There are 2 protein chains.
Amino acid sequence: MQPVRNDIHNSPIPVLCQSCEARHQGFCGALTPEQLLALSRHTRRVHHDAGDELLADAEPITSYGNVLHGVVKLSKILEDGRQQVVGLQFAPDLLGRLFANESRVTAEAASDVDLCLVPKAAMETLVRENPALEHRVMLQTLRELDEARDWMVTLGRKTAAEKVASFLYLIASHIDPTGEVTTFDLPLGRGDIGDFLGLTIETVSRQMTKLKADGVVEIENHRHVSVPDLARLRVRCG
Amino acid sequence: MQPVRNDIHNSPIPVLCQSCEARHQGFCGALTPEQLLALSRHTRRVHHDAGDELLADAEPITSYGNVLHGVVKLSKILEDGRQQVVGLQFAPDLLGRLFANESRVTAEAASDVDLCLVPKAAMETLVRENPALEHRVMLQTLRELDEARDWMVTLGRKTAAEKVASFLYLIASHIDPTGEVTTFDLPLGRGDIGDFLGLTIETVSRQMTKLKADGVVEIENHRHVSVPDLARLRVRCG
DNA sequence: CGATAGTTTGAACAAACTCAAGACACGTGG
DNA sequence: CCACGTGTCTTGAGTTTGTTCAAACTATCG
């Protein structure tokens, strides 16, 4: 029998969690090994393909999801079909609105996504009994609010050129916060980028072409781009 | 000597708080009379005139403020002066970002405003020691996030006419959530409404004129408007 | 190699912006 | 009480930006 690997608390960590990339940064980091073990009996790891709907607007939430891998697109849709992307979630964000009976957004897998699903009731009990956990989620919520407000400036006050530059900058800095990335994959197609920026697909495409012509980005294959000089891109964000 | 009025806990409430309109709905509602008494030794009630700056973007926060009366405008400004209003706060909202060293927005009194100021250190201690309090602030933060995302749809995907209707509807439904208001004061002038909606002052003015011509609103004196039929306004929000 | 979904490009159009002038409300002083 | 000045709002004309509609292109996959 192989010895169970212990962490600093010197207590066993559930096997499934041991190899989990999200365990330290995600909300589970606020849990003791015992709590983690109890929780892990209810969780289940699932995979979704790009395009799968994860949550529907105005529908009850049955499970919360910890994003382990991939990008989740949060959006809202008007009656006549106009769509606005209102947020992107990356690992290790928590998916699903706490303390509400229904989701306030549609959530869709923008890329292939791995989630750690936590049943609604289990999550809510855990949060109620564990202030440190609520604190972690509070920090994520505050960050999301900051991001939403930053994005409101982009939506309300920037030109199409600045919007597209801002989007590329957002993705680039998310992939490598140190600011040294040069090449990466876009998590969204042109249409979704337009829905994020409040632009049409054609305008996004034209601005991408212009950025390429100006040598600010190199476009390998529509989804894959290179930014030789992040500062040059930053300047274009307005 | 007059008997001190007790609440359900049968414990004395600080004199200043007894008459406070924000006490039950605001974050202080999560405190026991003892905690409220301890807190009230550090708080101070202040008045600000319309136009006063309450917090500056990227500046340290020295005090949090509980909005007791009036409307606070939260905005962000680009280097070249373009401004975007990213939120409005009403009583009994908490002003000031928790768990950050600096404000992420500029806060300005949109109308005359009364605040209950809580020193930064006292507030943070209180939050740390009192999960119920953090929970209250969490609920406010989640509501603000929902509002920000709703507003992103307005900014990114609605026409000028729909934007102005949405703004009037927002204010009307905030003043009377039952949906029976017909007449109210706008907390912002045309310029600030434009900065909220991502429009110019001229476009806001033209759309207001059109709404008046269509009989959806009556405009008494620029700041004071009447909405005879809220449903008619609602339809124009897109 | 052809089908398909996603993307790019072009030309005409519409929405909102800019600039400029005029109207209105409100407070101040005659 | 009225004339005046200031700040805010409205209105108009012309321009710009981004959209719409239509067609061509390009990756990718069976």
Side-chain angles (χ1 to χ4, degrees), chain A residues 49-51 73 78 80-85 108 110-112 154-168 185-214 217-225 236 238, chain B residues 49-51 73 78 80-84 110-112 154-168 185-214 217-225 236 238:
Chain A
D49 294 326
K73 179 187 94 183
L78 294 173
D80 62 3
R82 282 176 286 177
Q83 182 175 167
Q84 177 65 48
V85 175
E108 188 182 310
S111 62
D112 281 22
T154 301
L155 285 172
R157 286 303 184 201
K158 291 190 185 175
T159 65
E162 290 168 339
K163 284 181 176 181
V164 172
S166 299
F167 174 75
L168 293 174
D185 280 310
L186 296 176
L188 304 178
R190 299 289 186 270
D192 280 336
I193 296 176
D195 286 339
F196 198 179
L197 296 169
L199 297 173
T200 60
I201 183 171
E202 294 95 333
T203 301
V204 173
S205 179
R206 278 184 247 273
Q207 297 302 333
M208 291 288 282
T209 304
K210 188 175 290 182
L211 284 173
K212 185 172 71 173
D214 294 353
V217 300
E218 283 143 36
I219 298 172
E220 334 269 306
N221 85 13
H222 297 162
R223 280 292 184 118
H224 197 75
V225 300
R236 305 225 169 195
Chain B
D49 294 325
K73 179 186 95 183
L78 294 172
D80 62 3
R82 282 176 285 177
Q83 183 175 166
Q84 177 65 48
S111 62
D112 280 21
T154 302
L155 285 172
R157 285 304 183 201
K158 291 191 186 175
T159 64
E162 290 168 339
K163 284 180 176 181
V164 172
S166 300
F167 173 75
L168 292 173
D185 279 310
L186 297 175
L188 303 178
R190 298 290 186 272
D192 280 336
I193 295 174
D195 286 339
F196 197 0
L197 296 169
L199 297 173
T200 59
I201 183 172
E202 294 95 333
T203 301
V204 173
S205 180
R206 278 184 247 271
Q207 297 302 334
M208 292 287 284
T209 304
K210 188 176 289 178
L211 284 173
K212 184 172 71 176
D214 294 352
V217 300
E218 283 145 34
I219 298 172
E220 333 271 305
N221 84 12
H222 296 162
R223 281 293 185 117
H224 197 75
V225 300
R236 304 226 169 195

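Please read all numbers here as calculations on a predicted model, not as lab measurements. Letters go in sequence order (proteins before strands), and every chain restarts at 1.
Atom CZ of B:Arg190 is separated from atom P of D:dG7 by 19 Å (rounded to the nearest Å). Atom CG in A:Leu211 sits about 12 Å away from atom P in C:dT8, given to the nearest Å. Atom NE2 in B:His224 sits about 14 Å away from atom P in C:dA25, given to the nearest Å. Rounded to whole angstrom, the span from the CG atom of B:Asp195 across to the P atom of D:dT8 amounts to 13 Å.
Side chains of B:Leu186 and B:Phe167 form a contact here, defined as non-hydrogen atoms less than 4.5 Å apart.
In terms of heavy atoms, A:Leu188 sits closest to A:Lys73 at CD2-CD, 4.1 Å. In terms of heavy-atom proximity, A:Leu155 sits nearest to B:Leu155 at CB-CB, 3.9 Å. For B:Met208 against B:Val164, the heavy-atom pair with the smallest separation is SD-CG1, 3.8 Å. Across all their heavy atoms, B:Leu197 and B:Gln84 have their closest contact at N-NE2, 4.5 Å. Nearest heavy-atom pair, A:Arg190 versus A:Ile201, reported as atom, atom and distance to 0.1 Å: CB-CG1, 3.7 Å. Here the shortest heavy-atom pairing between A:Gly51 and A:Glu108 reads O-CG, 3.6 Å.
Where the helix from C:dC1-D:dG30 to C:dG30-D:dC1 starts and where it ends, the local axes point in directions that differ by 30°; five pairs per end, rounded to 10°.
Electrostatic pairing of A:Asp214 and A:Arg236 counts as a salt bridge here, judged by a charged N lying under 4.0 Å from a carboxylate O.
To the nearest 0.5 Å, the span separating OG1 on B:Thr200 from CG on B:Asp195 amounts to 10.0 Å. B:Asp80 contributes atom CG, which lies 10.5 Å from atom CZ of A:Arg157 (distance to the nearest 0.5 angstrom).
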Quiz item: Where along nucleotides 11-21 of chain D does protein come under 4.0 Å, by heavy atom, of base (B) or sugar-phosphate alone (S), with - for untouched nucleotides?
Solution: BBB----SBBB
Please enumerate all protein N or O atoms sitting under 3.5 Å from an N or O of nucleotides 24-30 of chain D, with distances to 0.1 Å.
| residue | atom | partner | partner atom | Å |
| --- | --- | --- | --- | --- |
| D:dT28 | OP1 | A:Asn221 | ND2 | 3.2 |

